[in-house]
Every structure is written in structure tokens, then in C-alpha cells.
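Written out below as C-alpha cells is the structure these notes cover.
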Amino acid sequence: QVQLVESGGGLVQAGTSLRLSCAASGRTSSTFGMGWFRQAPGKEREFVAALNWNGRTTHYADAVKGRFTISRDNAKHTVYLQMNSLKPEDTAVYYCAAASLRSFAIYETEYDYWGQGIQVTVSS
């Protein structure tokens with residue numbers, strides 16, 4: 001089992017930045033692919049960003065490409081999502097997820113473990 005706990009969410013103004021963290025515990029998460037998803041009110045959960053086990057390969061949704069950066073520190077068992085130039089449409093509950101495969105994954109069904117989610121609200 002892997003437990004994931006997100007932190008760093010909150011209410012910010014458009015154009016500002018926020019960094020989410022996802023702390024992992026339990027099974028060796030340093031060999032897992034990791035990802036971030038989000039779910040806005042009334043919408044389905046969607047892919048945001050993912051990276052492979054060593055962080056050298058990343059993938060982003062078009063909506064966040066160039067503004068968000070995913071990274072990981074395996075020594076700290078933590079994955080980060082740096083969000084810059086935030087927009088009101090980035091408002092959502094953000095979820096961290098872990099996939100028991102070394103490559104990155106972009107589909108929800110590829111992930112085995114999920115955090116509880118954290119709210120990010122961007123005001124205009």
C-alpha cells in the first residue's frame with residue numbers, strides 16, 4: 001500500500017503561483033510513476049501532469065503546458081506541482097496519484113493509489 005497526502009492548496013488570485021506537494025509513504029514509491037489530476041465542479045476528473053520514476057520524463061495536459069511543472073524528490077518521497085500564471089479555470093480539487101509502473105501514465109485507470117485531494121481556488 002502507498003498512502004498519498006497532498007498539501008499546499010488554497011485561495012489565490014489569477015496570475016499568481018502555487019506549489020502543491022504530495023508526500024508518499026508505505027511501499028517504495030520512488031519506483032512508481034506519479035501524476036496529478038484535477039476535478040472542477042460539475043466536471044469529470046482530468047489529467048494534469050505526470051512523470052516517470054526518476055523524473056526525467058514528463059507529460060502535461062495542453063491546458064497547463066508551459067505554466068505547470070511536475071517534479072519529484074525521491075529522497076523525500078515527495079512529488080510537486082508548481083503552478084504559475086494561474087487562471088480561474090484552474091480552480092479544482094487536485095489529486096495526486098501513484099502508478100506501480102516506472103514510466104509515466106496519463107489515464108486514471110493506470111493509477112493504483114490516490115490522495116484525498118486538495119482544493120485550489122483561483123479568483124479573477
Side-chain angles (χ1 to χ4, degrees):
Q1 286 285 345
V2 174
Q3 292 78 42
L4 303 173
V5 179
E6 302 97 337
S7 62
L11 171 64
V12 297
Q13 290 189 329
T16 62
S17 300
L18 204 60
R19 188 177 80 159
L20 302 182
S21 299
C22 173
S25 61
R27 284 181 58 191
T28 306
S29 60
S30 59
T31 60
F32 286 18
M34 300 293 293
W36 288 94
F37 289 74
R38 67 186 182 186
Q39 187 169 21
K43 296 187 177 181
E44 294 187 351
R45 189 157 57 185
E46 63 178 5
F47 169 78
V48 175
L51 78 175
N52 73 331
W53 72 277
N54 62 12
R56 292 177 182 173
T57 303
T58 58
H59 188 76
Y60 297 92
D62 288 343
V64 306
K65 200 171 296 184
R67 299 188 298 122
F68 290 12
T69 302
I70 187 172
S71 62
R72 68 190 299 163
D73 184 338
N74 283 343
K76 296 182 178 180
H77 303 289
T78 302
V79 175
Y80 304 97
L81 184 68
Q82 177 67 42
M83 304 185 292
N84 298 330
S85 303
L86 282 162
K87 305 175 181 180
E89 49 264 44
D90 294 319
T91 295
V93 176
Y94 283 72
Y95 296 90
C96 174
S100 54
L101 72 170
R102 297 169 76 85
S103 62
F104 68 84
I106 64 173
Y107 299 107
E108 286 189 48
T109 54
E110 297 179 281
Y111 286 89
D112 303 289
Y113 306 99
W114 292 84
Q116 80 285 354
I118 193 163
Q119 179 70 45
V120 171
T121 303
V122 184
S123 63
S124 58

### Task
Output all residues satisfying ring-ring contact (aromatic ring centres under 6.0 Å, His included) with Phe104, sequence neighbours left out; order by chain, then residue number.
His59
### Message
Quick check against the 3.5 Å criterion: does Thr78 have a side-chain atom that pairs as donor or acceptor with the backbone of Ala23?
### Response
no
### Message
Once side chain to side chain contact (heavy atoms under 4.5 Å, CB included) is applied, do any residues pair with Ala63, and if so which ones, sequence neighbours excluded?
### Response
Arg38
### Message
I'd like to check the side chain to side chain donor-acceptor pair (under 3.5 Å) partners of Tyr113; sequence neighbours left out, ordered by chain and number.
### Response
Arg27
### Query
Can you name the nearest heavy-atom pair linking Trp36 to Ser21, along with the distance?
CH2-O, 3.8 Å
### Query
Does Ser103 have any side chain to side chain donor-acceptor pair (under 3.5 Å) partners at least two apart in sequence or in another chain, and if so, which?
none
### Task
Determine yes or no for a side-chain-to-main-chain donor-acceptor pair under 3.5 angstrom, with Gln116 supplying the side chain and Val5 the backbone.
no
### Message
My understanding is that only residues two or more places apart in sequence, or in another chain, count here; which of them pass side chain to side chain contact (heavy atoms under 4.5 Å, CB included) with Ser123?
### Response
Leu11, Gln13
### Task
Please list, chain by chain and in numerical order, all residues satisfying ring-ring contact (aromatic ring centres under 6.0 Å, His included) with Tyr94, sequence neighbours excluded.
none
#### Entry: Contacts of Lys65 that satisfy salt bridge (Lys or Arg N to Asp or Glu O under 4.0 Å) - sequence neighbours left out
Asp62
### Message
Could you work out, with side chain to side chain donor-acceptor pair (under 3.5 Å) as the rule, every residue matching Tyr95, not counting sequence neighbours?
### Response
none
### Query
What closest approach, in Å, do Arg67 and Ser85 show between heavy atoms, and which atom pair accounts for it?
NH1-O, 3.0 Å
### Query
So which heavy atom on Ala98 is nearest to which on Met34, and how close?
CB-SD, 3.5 Å
### Task
For Gln82, enumerate each residue passing the side chain to side chain contact (heavy atoms under 4.5 Å, CB included) test, keeping only those at least two apart in sequence or located in another chain.
Ser17, Arg19, Thr69, Asn84
### Query
So, does Asn74 use its side chain to make a donor-acceptor pair with the main chain of His77 at under 3.5 Å?
no
### Summary
residues 93-113 vs salt bridge (Lys or Arg N to Asp or Glu O under 4.0 Å), sequence neighbours excluded, gives Arg45-Glu108
### Query
Among all residues two or more places apart in sequence or in another chain, which pass the side chain to side chain donor-acceptor pair (under 3.5 Å) test with Thr16?
none
### Message
Going by side chain to side chain contact (heavy atoms under 4.5 Å, CB included), name the residues that satisfy it together with Glu89, two or more places apart in sequence or in a different chain.
### Response
Lys87
